[in-house]
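Okay, so here's the structure we're looking at.
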Amino acid sequence: MVLFQLIHPAPLEEKVQSREANIYLYRAMWLIGWIPPKEGLLRYVYLFWTCVPFAFGVFYLPVGFIISYVNEFKNFTPGEFLTSLQVCINVYGASVKSTITYIFLWRLRKTEMLLDNLDRRLKGDGDRKKIHEMVARCNYAFLIYSFIYCGYAGSTFLSYALSGRPPWSVYNPFVDWRDGLGSLWIQAIFEYITMSFAVLQDQLSDTYPLMFTIIFRAHMDVLKDHVRNLRMDPERSEADNYQDLVNCVIDHKMILRCCDMIRPMISRTIFVQFLLIGSVLGLTLINVFFFSNFWKGVASFLFVITILLQTFPFCYTCNLLLDDAQDLANTIFQSNWVDAEPRYKATLVHFMHHVQQPIIFIAGGIFPISMNSNISVAKFAFSIITIVRQMNLADQFQ
């Protein structure tokens, strides 16, 4: 299908740029109102549409949840309250993350301009093949995220609406779902549309770090191949070999500039998620273990997957990026430098010294973004479950 064409690597005869790894990402941003036309009347119409998802997903939902708890707390069943509360906490985090992402979108554009320069430095079919495969991998990953995030929203909507309850019990000043079946479905559909805005905004905030780190890793892989080929062509002069080494140094600096450009953006959004993941995951698992039937359990299970997808894949990729830096240093040391001229060796030592400094992203200037940090903050979920079990709170709330 043409719609899913980008999840397959393009033929090497086609020119593919690294920025095409984010085609699906930017289509979703355009859909949610984040990429307006540059000029014309349509720009102002589109800017009005930009305000709609922000009004409902960023402002209305957080306030609506709180008002609903104040007005309807005594009417909640434990399962309904936990389903609402787990999403409420995540909605507050999503509101902050999506706002940060929207404000710093210019950093993504600047990073893509740097990536364009790296693309122009690709040498042969081997380099292009790596970029083609990376582009397909990123678009495929974004589709998987889309199916899971949309699957959570749709399954929660259907499981609760078909059981006669609104899916998230968000305050609605115009409709009382208890007035009849029609009012229930109006409320449920309204909540689903509103929540879809928040889910898509949250998905965009969660996927861009993963997409760009996958791109950086692909260019690190290309760079390692270039280093392996240094001084392997007997027909090239020492001056040519030295220039090849300088080009590798420049490529590495450009990758570091890409990381520096996007680092402040990632630092803020991942920090927010690190603060929330333990509590949200704990509440969701309690809901699954103690208060859900089968279909509501399926919806909660999908929510658990979305929570894990918000940080675990990206943290794992950050670990791989650290390994890539070490592998690059080893590749430099193992390259063909023994009988090179002194100038070449001096530059190689300087290059190796800089490569050994790892590429690290810091969440909020506090937590190094890695699997260890992610597991540490996620452990709080099991602490919550342990407290609930030991104090027998689940039975008391039945």
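Throughout, numbering of the chain's residues begins at 1 and tracks the sequence. Every heavy atom of this structure was used, including side-chain atoms; hydrogens, water molecules and symmetry mates were not. On a predicted model such as this, the values are computed, not experimentally measured, just so you know.
Across all non-hydrogen atoms, the minimal contact from Pro62 to Gly57 is CD-O, 4.1 Å. Heavy-atom minimum distance, Arg107 versus Met261: NH1-O, 2.7 Å.
We find that Arg257 and Asp260 are not joined by a salt bridge, their nearest charged nitrogen and carboxylate oxygen being 4.0 Å or further apart. A salt bridge is absent between Asp127 and Lys130; no separation between the charged side-chain nitrogens and carboxylate oxygens falls under 4.0 Å. Asp225 has no carboxylate O lying under 4.0 Å from a charged side-chain N of Lys123, or vice versa, which leaves the two without a salt bridge. For Lys97 and Asp206, the salt-bridge test passes: some basic side-chain N is under 4.0 Å from an acidic carboxylate O. Under the 4.0 Å criterion applied to side-chain N and carboxylate O atoms, Glu112 and Arg109 are assigned as salt-bridge partners.
Atom OH of Tyr46 is surrounded by more than 12 heavy atoms from other residues, nucleotides or ligands within 6.0 Å. Heavy-atom neighbours of Phe104 CZ from other residues, nucleotides or ligands within 6.0 Å: above the threshold of 12. At most 12 heavy atoms of other shown residues, nucleotides or ligands fall within 6.0 angstrom of atom NZ in Lys129.
Tyr24 has its ring centre no less than 6.0 Å from the ring centre of Tyr145. Phe54 and Tyr102 have their aromatic ring centers within a separation under 6.0 angstrom.
When each of Trp177, Phe157, Tyr60, Phe174 is paired with Phe190, the ring-ring contact (aromatic ring centres under 6.0 Å, His included) condition holds for Tyr60 and for no other. Each of His226, Arg236, Arg231 was compared with Asp244 under the side chain to side chain donor-acceptor pair (under 3.5 Å) criterion, and only Arg236 meets it.
Using a 3.5 Å distance cut-off with no hydrogens or angles, the side chains of Ser205 and Thr101 do pair a donor with an acceptor. Checking Glu191 against Asn172 by side-chain atom types alone, no donor-acceptor pair falls below 3.5 Å. No hydrogens or angles considered: nothing links the side chains of Gln86 and Asn90 as a donor-acceptor pair under 3.5 Å.
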TODO: Applying salt bridge (Lys or Arg N to Asp or Glu O under 4.0 Å), run through Asp119 and Arg19 and close with a yes or a no.
DONE: CA-CA 9 Å; Asp119 289 338; Arg19 63 170 60 229; over 6 Å; no
TODO: Show the numbers, then the answer: is there a side chain to side chain contact (heavy atoms under 4.5 Å, CB included) between His219 and Leu115?
DONE: CA-CA 9 Å; His219 282 283; Leu115 291 172; 4.0 Å; yes
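In this structure a side-chain-to-backbone donor-acceptor pair under 3.5 Å is present from Arg268 to Pro264. The main-chain N or O of Arg178 is never found under 3.5 Å from a side-chain atom of Ser183 such that the two would form a donor-acceptor pair. With hydrogens and angles disregarded, no donor-acceptor distance shorter than 3.5 Å links the side chain of Asn374 to the backbone of Ser370.
How far SG of Cys258 is from CD1 of Ile215: 9.0 Å, rounded to the nearest 0.5 Å.
Here the side chains of Asp116 and Ser18 are not in contact, with every heavy-atom distance at 4.5 Å or above.
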